[in-house]
Amino acid sequence: MPDKNIIEPLINNSLSDYHVHCDYSIDAVGTISEYCQAALKKGLAEICFTTHYDCSPGCEGKGNIIRVLGEDLPATPENLKQYVEDVQEAQDNFYPAGLMVKLGVEFGWFKGAEKSLGELLKMYEFDYILCGIHEIDDICFCCKSSYKECFERMSAAEAVAKYIEQIKEASDSGMFDCIAHLDYLRKYGLEFYGSELDEEFDRQIGACFETLVKNGTSIEINTAGMRKGLDSYFPRMKTINAARRAGVDMIKLGSDAHRPEDIGYDFDAASVFVPASNAGCESS
């Protein structure tokens with residue numbers, strides 16, 4: 001339940017957080033209620049929970065898990081029910097206090113994912129579906145424990161090419177509202193490849209823009225890059241400008257929060273990159 005001392009939050013209607021993890025994601029801490037409280041204190045108009053849902057056959061048993069009431073369970077549509085109900089309950093509880101709470105999911109992409117996502121969508125109606133691309137050849141490139149194993153098998157050019165191909169495949173599926181953290185390879189790829197990685201992104205990233213525009217798939221401005229020690233958001237400024245020139249939609253901010261205190265991270269600065277009419281509260 002919302003804190004009774006928070007009655008009329010100062011809301012900036014242009015600021016909403018559309019990439020939020022809670023303790024249903026195995027790499028996040030904090031309850032749904034705690035994130036909503038944090039959003040109110042930050043003065044956000046809207047928050048969308050996007051718990052991780054990974055079910056890649058190539059990674060079975062190595063991360064295809066959701067955490068339900070403290071218990072680690074396989075990522076199945078049935079096991080996601082409690083999360084869906086809890087987010088819907090939060091909307092009922094926090095809307096009177098001035099916070100819109102939306103139901104989303106960050107679905108981990110893999111080739112052939114359409115069937116698994118389709119099964120999920122038969123059971124639940126999400127407000128927002130993020131595509132999270134976290135693996136190359138079934139190895140997680142954004143995990144500290146495995147990124148070296150992933151990258152040492154290929155050059156920077158090959159890594160970027162394989163990553164971009166997945167962006168195009170996910171967009172062509174027509175099942176996603178948004179591609180999360182567009183140049184996420186940079187999280188550990190900069191450490192492994194150095195500046196060559198950014199050079200390859202500059203050379204190759206345009207190959208996915210036409211596909212994104214054709215399918216109406218947006219990208220987010222994800223502020224977690226700065227929080228993780230990089231000198232930019234995901235994607236970096238050069239990519240943001242190139243995508244904008246190509247006509248790619250950028251309509252949501254996301255903190256990629258994994259702790260309540262991460263909510264709305266650096267949004268005052270990041271909000272200049274998205275249209276105020278699209279970044280704020282939507283009709284329910």
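Looking at every heavy atom in both residues, D183 comes nearest to P235 through OD1-CA, 3.1 Å. Looking at every heavy atom in both residues, I139 comes nearest to R153 through CD1-CZ, 3.4 Å. Here the closest non-hydrogen pair linking R186 and D198 is NE-OD1, 2.7 Å. F141 and I133 get closest at one heavy-atom pair: CZ-O, 3.1 Å. Residues L197 and V160 approach most closely at CD1-CG2, 3.7 Å, considering heavy atoms. Residues A170 and C131 share a closest heavy-atom pair of CB-SG, 3.6 Å.
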Handout entry: Check against side chain to side chain contact (heavy atoms under 4.5 Å, CB included), I240 and I221
Key = CA-CA 8 Å; I240 291 173; I221 304 299; 3.8 Å; yes
Practice task
Would you please test K162 and E158 for salt bridge (Lys or Arg N to Asp or Glu O under 4.0 Å) and show each step?
Solution key: CA-CA 6 Å; K162 289 185 176 186; E158 291 170 325; over 6 Å; no
Problem - CA sep, side-chain torsions, deciding dist, call: N215, S171, side-chain hydrogen bond (donor to acceptor under 3.5 Å, both in side chains) - result: CA-CA 6 Å; N215 296 318; S171 178; 3.0 Å; yes
Problem - Test log, rule side chain to side chain contact (heavy atoms under 4.5 Å, CB included), inputs I129 and L121 - result: CA-CA 10 Å; I129 304 175; L121 297 182; 3.6 Å; yes
Handout entry: Full working for side chain to side chain contact (heavy atoms under 4.5 Å, CB included) between Q37 and F94
Key = CA-CA 9 Å; Q37 294 281 6; F94 283 89; 4.1 Å; yes
Practice task
Output, in order, the C-alpha distance, side-chain angles, deciding distance and verdict of side chain to side chain contact (heavy atoms under 4.5 Å, CB included) for M154 and I136.
Solution key: CA-CA 10 Å; M154 64 196 78; I136 295 177; 3.7 Å; yes
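No continuous path of ILVMFWY side-chain contacts below 4.5 Å connects I263 to V29, so the two sit in separate hydrophobic clusters.
Shown here is E125, whose CD atom has no more than 12 heavy atoms of other residues, nucleotides or ligands within 6.0 Å. Summarising the local packing, CD of E210 is surrounded by 12 or fewer heavy atoms from other residues, nucleotides or ligands at distances under 6.0 Å. Counting non-hydrogen atoms of other residues, nucleotides and ligands closer than 6.0 Å to NZ of K228 gives a total above 12.
The distance from the CG atom of N64 to the OG atom of S56 is 6.0 Å, given to the nearest 0.5 Å. Interatomic distance, S116 OG to D54 CG, rounded to the nearest 0.5 Å: 11.0 Å. With rounding to the nearest 0.5 Å, the separation of CD in E114 from CH2 in W109 is 4.0 Å. Taking NE2 of H21 as the start and CZ of R259 as the end, the distance is 13.5 Å to the nearest 0.5 Å. Interatomic distance, N241 CG to R236 CZ, rounded to the nearest 0.5 Å: 10.5 Å. Once rounded to the nearest 0.5 Å, the distance linking CD1 of I219 with SG of C208 reads 8.0 Å.
Annotation: side chain of L230 is in contact with side chain of L190 (closest heavy-atom distance under 4.5 Å). At a threshold of 4.5 Å between non-hydrogen side-chain atoms, the residues F126 and C48 do not count as touching. Two residues are said to be in side-chain contact when any heavy atoms from C-beta on lie closer than 4.5 Å; D262 and D256 fail this criterion. Side chains of T223 and L253 form no contact here, defined as non-hydrogen atoms less than 4.5 Å apart. In this structure, I167 and T211 have side chains that are not in contact, with every pair of non-hydrogen atoms separated by 4.5 Å or more. Side-chain contact between I251 and V274: absent, with no pair of heavy atoms (C-beta onward) separated by less than 4.5 Å. Residues Y188 and K148 fail the side-chain proximity criterion, which asks for heavy atoms closer than 4.5 Å. Contact of the L103 side chain with the V84 side chain is registered, since non-hydrogen atoms from C-beta on lie closer than 4.5 Å.
Aromatic ring centres of Y18 and Y128 lie closer together than 6.0 Å. Aromatic ring centres of Y184 and Y163: separated by at least 6.0 Å.
Between the side chains of H134 and Q166, no donor-acceptor pair of N or O atoms lies under 3.5 Å. Side-chain contact of Y265 with D17: a donor-acceptor pair under 3.5 Å is absent, judged by distance alone. A side-chain N or O of N79 and one of T76 form a donor-acceptor pair less than 3.5 Å apart. No side-chain donor-acceptor contact under 3.5 Å links S255 and R227. When only modelled atom types and interatomic distance are considered, Y193 and E200 share no side-chain donor-acceptor pair under 3.5 Å.
Partners of Y83 under the side chain to side chain donor-acceptor pair (under 3.5 Å) rule, at least two apart in sequence or in another chain, do not exist in this structure. Take Y24 and apply the side chain to side chain donor-acceptor pair (under 3.5 Å) test, not counting sequence neighbours, and it matches D86.
Side-chain N or O atoms of E34 include one that pairs as donor or acceptor with a backbone N or O of T31 at under 3.5 Å. A donor-acceptor pair under 3.5 Å links the side-chain atoms of N222 to the main chain of A224, judged by distance alone. Under a 3.5 Å cut-off, the side chain of Y124 and the backbone N or O of K81 do form a donor-acceptor pair. E220 places no side-chain N or O within 3.5 Å of a backbone atom of C178 that could act as its donor or acceptor partner. A side-chain donor-acceptor contact under 3.5 Å links Q91 to the backbone of V101. In terms of modelled atom types and a separation under 3.5 Å, the side chain of R244 and the main chain of F273 share a donor-acceptor contact. With hydrogens and angles disregarded, a donor-acceptor distance shorter than 3.5 Å links the side chain of T50 to the backbone of V20. Of the possible polar contacts, none joining the K102 side chain to the D127 backbone as a donor-acceptor pair under 3.5 Å is found. With S218 contributing its side chain and D177 its backbone, the two residues share a donor-acceptor pair below 3.5 Å.
Between F192 and F151, the two ring planes are tilted [angle within 30° to 60°]. Ring pair H258/H52 is tilted by interplanar angle, where 30° to 60° counts as tilted. Ring orientation note: the planes of H181 and F234 are nearly perpendicular, at an angle over 60° on the 30°/60° scale.
Salt-bridge check for K214 with D172: passed, with a basic side-chain N closer than 4.0 Å to an acidic carboxylate O. The pair D202-K238 counts as a salt bridge, with a side-chain nitrogen and a carboxylate oxygen less than 4.0 angstrom apart. E199 and R203 are not joined by a salt bridge, as no carboxylate oxygen comes within less than 4.0 angstrom of a charged side-chain nitrogen.
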